[in-house]
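To start, the structure under review is shown below, and the notes come after it.
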Amino acid sequence: SATIGGSITLGSLDIGHGAGGEATNTAVGTDALDASHASSEKNTAIGHDALTSLNNASSICNTAVGNNSLGSLTNAAYNVAVGSNSGDAITTGVRNTAVGHNSLGATDDGHDNTAVGNSALAANCVDNNVAVGKNALTVFTGSNATAVGKDALAACTTGGENTAVGHQSAAALTTGY
């Protein structure tokens with residue numbers, strides 16, 4: 001067994017603990033965790049530009065897997081993003097979960113959102129939303145909505161406390177409570 005201090009590069013693959021060197025951080029990929037603060041800890045970045053902007057000591061327990069996932073996150077905690085560009089606009093939002101390409105793609109400071117599926121909750125939404133399915137709540141900018149199914153509440157832009165379950169359910173609804 002060999003011990004190597006700092007980061008290593010194998011071919012063009014960077015492996016290490018990020019720019020801050022915190023031993024509890026894991027960075028795999030070009031520019032993954034490349035702006036990390038020395039006191040930000042328990043972050044995992046796998047993929048090109050994953051968690052690339054993280055630079056605050058209170059940014060803890062974030063997990064990003066995929067090209068540019070959580071790429072804009074600067075000061076936030078407890079976010080999980082899996083998929084290319086998932087959660088890529090989140091800067092200060094906390095406790096968000098994004099799974100799928102471009103899921104939670106424009107949300108910057110929303111909290112407690114869950115998006116599963118390609119482009120689910122892709123607009124800049126607020127808090128406490130759940131979208132499961134491709135394009136579910138894709139243009140929604142409000143809070144407290146739940147959409148389950150492909151294209152569920154797909155045209156809904158504002159409002160809140162809406163619930164739609166099923167393929168294309170309430171897909172034409174644009175606003176409302």
Side-chain angles (χ1 to χ4, degrees), residues 1-132 134 136-138 140-141 143-144:
S1 127
T3 302
I4 301 172
S7 297
I8 62 171
T9 300
L10 300 172
S12 62
L13 178 63
D14 297 331
I15 302 170
H17 299 292
E22 168 60 46
T24 62
N25 289 333
T26 302
V28 178
T30 306
D31 297 330
L33 268 173
D34 68 335
S36 63
H37 189 278
S39 296
S40 62
E41 57 186 29
K42 300 173 187 148
N43 295 291
T44 302
I46 300 173
H48 174 72
D49 283 340
L51 281 171
T52 192
S53 298
L54 184 129
N55 63 5
N56 190 287
S58 61
S59 297
I60 60 168
C61 301
N62 295 291
T63 301
V65 179
N67 179 65
N68 200 37
S69 58
L70 295 177
S72 297
L73 191 136
T74 56
N75 182 15
Y78 310 108
N79 292 289
V80 176
V82 178
S84 178
N85 297 319
S86 57
D88 64 329
I90 297 172
T91 55
T92 58
V94 296
R95 297 176 307 275
N96 292 294
T97 302
V99 178
H101 171 74
N102 201 39
S103 55
L104 276 175
T107 298
D108 56 4
D109 62 355
H111 302 309
D112 303 304
N113 293 295
T114 301
V116 179
N118 184 53
S119 295
L121 276 173
N124 188 5
C125 65
V126 188
D127 302 329
N128 307 311
N129 296 296
V130 176
V132 178
K134 180 182 180 203
L137 285 169
T138 195
F140 189 67
T141 59
S143 60
N144 303 312

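Predicted model, so just to flag it, every value in this text is computed and none were measured.
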Nearest 0.5 Å, please: how far is CG in Leu33 from CG in Asp49?
11.0 Å
Specify the closest pair of heavy atoms between Ala35 and Thr52, including all atoms of both residues, with the distance to one decimal.
CB-O, 3.3 Å
Does anything in residues 82-94 form a salt bridge (Lys or Arg N to Asp or Glu O under 4.0 Å)? List the pairs, not counting sequence neighbours.
none
Return each pair, listed once, that meets salt bridge (Lys or Arg N to Asp or Glu O under 4.0 Å) where at least one residue sits in residues 53-70; pairs must be two or more places apart or across chains.
none
Considering residues at least two apart in sequence or located in another chain, which fulfil the side chain to side chain contact (heavy atoms under 4.5 Å, CB included) criterion with Ala120?
Ala115, Ala131
In chain order, what residues pass the side chain to side chain donor-acceptor pair (under 3.5 Å) check against Asn102, with sequence neighbours excluded?
none
Side chain to side chain donor-acceptor pair (under 3.5 Å) partners for Ser36, two or more places apart:
none
Considering all heavy atoms, the nearest Ser58-Ala77 contact
O-CB, 4.1 Å
On a heavy-atom basis, which atom in Ser69 and which in Gly83 lie closest, and how many Å separate them?
CB-O, 3.7 Å
Could you please spell out the steps behind the side chain to side chain contact (heavy atoms under 4.5 Å, CB included) verdict for His37 and Asn56?
CA-CA 5 Å; His37 189 278; Asn56 190 287; 5.6 Å; no
By side chain to side chain contact (heavy atoms under 4.5 Å, CB included), which residues pair with Val126, not counting sequence neighbours?
Ser143
Could you give all pairs that pass the side chain to side chain donor-acceptor pair (under 3.5 Å) test and reach residues 90-99, with sequence neighbours left out?
Asn79-Asn96, Arg95-Asp112, Asn96-Asn113
Taken in chain and number order and not counting sequence neighbours, the residues that satisfy side chain to side chain donor-acceptor pair (under 3.5 Å) with Asp127 are none
Could you tell me the separation between the CG atom of Leu10 and the CD1 atom of Ile15, rounded to the nearest 0.5 Å?
4.5 Å
CG/Leu51 to CG/Asn55 distance, rounded to the nearest 0.5 angstrom?
11.0 Å
Pair listing, salt bridge (Lys or Arg N to Asp or Glu O under 4.0 Å) test, anchored in residues 62-82, at least two apart
none
Nearest heavy-atom neighbours spanning Asn62 and Tyr78
OD1-N, 3.4 Å
How long is the straight-line distance from CD1 of Ile8 back to CG of Leu13, given to the nearest 0.5 Å?
8.0 Å
Could you work out, with side chain to side chain contact (heavy atoms under 4.5 Å, CB included) as the rule, every residue matching Ser53, not counting sequence neighbours?
Thr74
Looking only at atom types and distance, does a side-chain atom of Ser59 sit under 3.5 Å from a main-chain N or O of Ser40, one as donor and one as acceptor?
no
Could you report the tightest heavy-atom contact between Gly93 and Ala76, atom names first, then the distance?
O-CB, 2.9 Å
So, the side chain of His101 versus the backbone of Asn118: is there a donor-acceptor pair under 3.5 Å, distance only?
no
Closest approach of Gly47 and Ala32, non-hydrogen atoms and distance?
O-CB, 3.6 Å
Within residues 23-32 or reaching into it, pairs that qualify as side chain to side chain donor-acceptor pair (under 3.5 Å) - sequence neighbours excluded:
Glu22-Thr24, Asn25-Asn43
Identify, with sequence neighbours excluded, every residue that meets side chain to side chain donor-acceptor pair (under 3.5 Å) alongside Thr9.
Asp14
Using only atom types and a distance under 3.5 Å, with no angle test, would you say the side chain of Asp108 pairs donor to acceptor with the backbone of Asn124?
no
Tell me, do Cys125 and Leu104 make a side-chain contact under 4.5 Å, heavy atoms counted?
yes
